[in-house]
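Step one of this worksheet: look at the structure below.
Computed over heavy atoms, backbone and side chain alike; hydrogens, waters and symmetry mates excluded. One-based numbering along the sequence shown.
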Amino acid sequence: MTTPIAVAGSPTSPTGLNLSPPTTYLHGLVAIPTSFTWDGERYTGPRLASLELDRAKNLPGVVDVVVCESFVGVLAIQRAQAALALAELRLQWDEGIVNAADTLAPKNDSTGGHSNTPTTAPAPPRTYRWAPAAADEIAATSAIADYQPDKLTIWAACEPTQELRAELALLSGLPIEAVAVVKMTEGGAAAYDLAIEAALLSRHAGRPVKAYAHYPEATPPLAVSLRPSTTGITAHRSYHLHARPSKAALLCGMSVTPSLSEQLSTFPGFQSGPSAQYAPVGNFPGEATLEAEVFAESSYWDEEARHRGADPLETRLKQLDNVRAREMIKRVATQADWPRAKTSTDETYYGRGFAYAQTLDDALTPPRTTMSAWIVDVSIDKSSGQITIDRLTVGNDSSEAAGAKPMPISLETGIRDTVGELLLPSTRFDDWVARADADMQSTALNKTQVDIVSSMNNVQVTVGWNRVTTLPAAAAIANAIHDATGIRLREVPFGDKVPQLSTLKPRRAGRLRAVLAGGVAAITGVIATIWPWPQPLAPIANVDTSIYSLATIERGRRIASAGDCMVCHTAEGGVENAGGLPLPTPFGTIYTTNITPDKETGIGTWSFEAFDRAMRQGIHQDGTHLYPAFPYTAFSKMSDGDMQSLYAYLMTRPAAKSETRKNEMSFPFNVRKLLAGWNVLYNRSEQFSPDPEQSTLWNRGAYLVEAVGHCAACHSPHNALGGQKKDWLSYLSGAFVKGWEAPALNHMTHSPNPWTEADFYEYLRTGYSARHGVASGPMAPVVQGLQELDDQDIRAIAHYLGDLPAPAPTTQTPTTPPEQEVVNSTDGNTISLQLLAGENVFRGACAACHDASEGPALFGARPLLSVNTNVHSSSPDNLIRTILYGIRKPADSSLGFMPGFKGSLNEIQLANLLRYLRHQFAPDKKTWTGLEDRISKLLAETPY
């Protein structure tokens, strides 16, 4: 074990010591249930039911498995070994509490308003969801902990707060003075949890441990379910700013006792008492759980009050015993002239909503309380469902500010920005920049009247915005929408959740005209596709790129990265996107074209119409057909907005004059007119249509995989004419492209470990999967391009691929080049000698980086060959190419490079090494044969 050494200039801990992390440590991973809930005191989600300890503990390099109630962690010499062990535990979870959800339909009364007629019918259980914004990049990838009997030191990507140190002290059994937290970098949401996990694992192991971040599962909406009694309602609670302890602590059975008990009081017609099942699923303490809980509680309060025919604001006043809060709410009501509201018209619904929040920061001494009340006036267009905020009346308690410092923006600006976020539409499958329209929403709200009411008598206090001031916003808007329309919205954002409310139906003639127009368009599209001599489109003198905004061009850049444009359209050592890269196909060699805006050799004179036609129909500006090595069959599925953005991006790149070589295609494939028939057979030219039964994340992933990313172009087998096989069994089941095997992405993979959503995410985000290997060959630059995408996009791809259905058992075998079927007859003695010779080569050339024994990774990652897909494949081609030429340009520089051995191993040594690798690391797979012949053939080819 290495003891931390004081180094000048290293980060400083709260204890004042200069500390640098140890360089020798165990690697740790922790299993966290994807559904994680708690009730404000203890963990209430799925609990550990069973695991197979022996399977994991017997793996090479595994040191121990840590189990504490529902907390499960693995310690190993290498990270890859820990990942394998975690998978081999085969954890089973009891699902725990399932929260019921319900949806209320719009009222059918003539005004669309909510009836205040009292009723004694029991209210159903209700679940409110706070849909999170798209996640930021995960910066906190690891944390190191060094536990010793008298001290605990943590190196993590989070602030060394008193709360974190107190929890670490509690879990480690040490005084808080003996706990030091060193902030190494700026971390993401998981940094707090990661620091706790590292500490728990290090305490168990008695030596330093480096814990790694979990796969960031798609964050579901934060859910809060409220279960009212038939006659009661939960009394108001003070929400704690520090929402929960770490996930690891809760999984270990740690319960939380609030430092200040909640004060419950009764009022006429209502029963008090806790009847809520809170289920925040934030990534770290305090993240969005406060907003979710206030939204749920204040919406629920409004529902219950109206359910019983009571005024929500008056009901709240009766319940509160805080004089300052009561006075503030009364002033807000007076300023807004509550409850008077506009009367709905034939075109517009009008409504008003009230909400209140009270927060308690008990980390301060003494604890401090902040209160905020909102009244929102909305108008909703019946024909479109568009929501307009007419007026905001906001009461802010300014004398008892919560612990958080006000942001350096005005309170009014913060209010407008918050409301703008809440009115955004839900994320679409072709959204590229998360929350890109937030500024537009805020600008639209500039016309909204905003009245800010201080809690102090006749005094207007100017304060900066902080988080707690706007907590009631979502509930106030939802309550106003319900007051106007009778529609109860229980999930934010609200932008596209109010349907058209007009009762007018389109005339039959209108529908008939629409059907006829669609039929004509469809017939025209078919004729345009099959017509063997498409017409050329006139070149344009200049492309006016000034019409495109910076946001549109940035969107196009991301689309180009996701579509790997540069990967195929840049020759080795050539100018970016200037073409010239040779693409070998079964029909000859194709050289990629220049797609820079050069007017003579590129696409500088192409109109958008010409560009769109080429991308969707495979037809050049001059009317000739493009070869389907350019995957227009996939690009045709792109949305119109994405196509425009890609055009804008390419047309604003530097122009490069570059003539490309003539294609070398054999007859009859060199006759381009024949491709008209090919298009009829294989190009449907239909835009992507999202599956309404699937989540936005799933549809986003499907769109990226099937359209922009064109994954099937390489990973799905093709028929004799080069058309992609369309049956579900063949989809992403693997193929040979450019001399490399593009392995199956579905359950037909050669890998000993089935690909999971977490595996796909790790591989596509970093270029390395501990359970599968390193991205090499043509896949490495693809992963490099994906680095330009938001983390949420990578999650979407992983989510979609991880959800691919498992095919039924089949005898179908992946396509294998016929020359690999050559069989060499060798006797047992010869085989033994070959394996021994191969092992000697492995020990001398490979073991330093690929051996499973203890020791640091010399060149970045330390891939295990026992899980490498190439070693388990039916074809040795990828492994041969990788050994010959190495990995000169890894997907991520932190992985390190692999040298090529073409100049140091002869063909016999290479063949013996391949035999040893197959025998040692894939003993259950069929022996490769004809290796010498295969090596000779690949050596004669130009490496990709």
By side chain to side chain donor-acceptor pair (under 3.5 Å), Thr589 pairs with (sequence neighbours left out) none
Quick one: list whatever passes ring-ring contact (aromatic ring centres under 6.0 Å, His included) with Phe901, sequence neighbours left out. none
Atom pairs and distances, side-chain donor-acceptor, residues 561-570, under 3.5 Å, sequence neighbours left out:
{"unit_1": "Ser561", "atom_1": "OG", "unit_2": "Arg557", "atom_2": "O", "d": "3.2"}
{"unit_1": "His569", "atom_1": "ND1", "unit_2": "Thr593", "atom_2": "O", "d": "2.9"}
{"unit_1": "Thr570", "atom_1": "OG1", "unit_2": "Met566", "atom_2": "O", "d": "2.9"}
{"unit_1": "Thr570", "atom_1": "OG1", "unit_2": "Asn577", "atom_2": "N", "d": "2.9"}

Do NZ/NE/NH1/NH2 and the carboxylate oxygens of Asp933 and Lys937 come within less than 4.0 Å? no
Donor-acceptor pair between Arg915 and Asn912 side chains, under 3.5 angstrom: yes
From CA spacing to verdict: side-chain hydrogen bond (donor to acceptor under 3.5 Å, both in side chains), Ser658, Asn594: CA-CA 7 Å; Ser658 177; Asn594 183 346; 4.8 Å; no
With distance as the sole criterion, is a donor-acceptor pair present between the side chains of His772 and Asn868 under 3.5 Å? no
Do any pairs count as a salt bridge (charged side-chain N to carboxylate O under 4.0 Å, His left out) and have a residue in residues 75-87, sequence neighbours left out, and if so which ones? Arg79-Glu762
Please tell me whether Tyr916 and Gln834 have a donor and an acceptor in their side chains that are separated by less than 3.5 angstrom. no
Mind checking whether Phe630 and Tyr632 have parallel, tilted or perpendicular rings, split at 30° and 60°? tilted
Could you tell me whether Arg558 and Asp790 have a side-chain N and a carboxylate O separated by less than 4.0 Å? yes
Holding to side chain to side chain donor-acceptor pair (under 3.5 Å), I want the full list of residues that pass it with Glu88, two or more places apart in sequence or in another chain. Arg55
What's the verdict on side-chain contact (heavy atoms from CB on, under 4.5 Å) for Arg881 and Leu938, showing C-alpha distance, side-chain angles and the deciding distance? CA-CA 8 Å; Arg881 292 178 184 275; Leu938 294 180; 3.3 Å; yes
Check whether the ring centres of Phe842 and Phe921 lie less than 6.0 Å apart, and answer yes or no. yes
Can you name the residues that form a salt bridge (charged side-chain N to carboxylate O under 4.0 Å, His left out) with Glu706, not counting sequence neighbours? none
Can you tell me how the ring of Tyr800 sits relative to the ring of Tyr731, calling it parallel under 30°, perpendicular over 60° and tilted otherwise? perpendicular
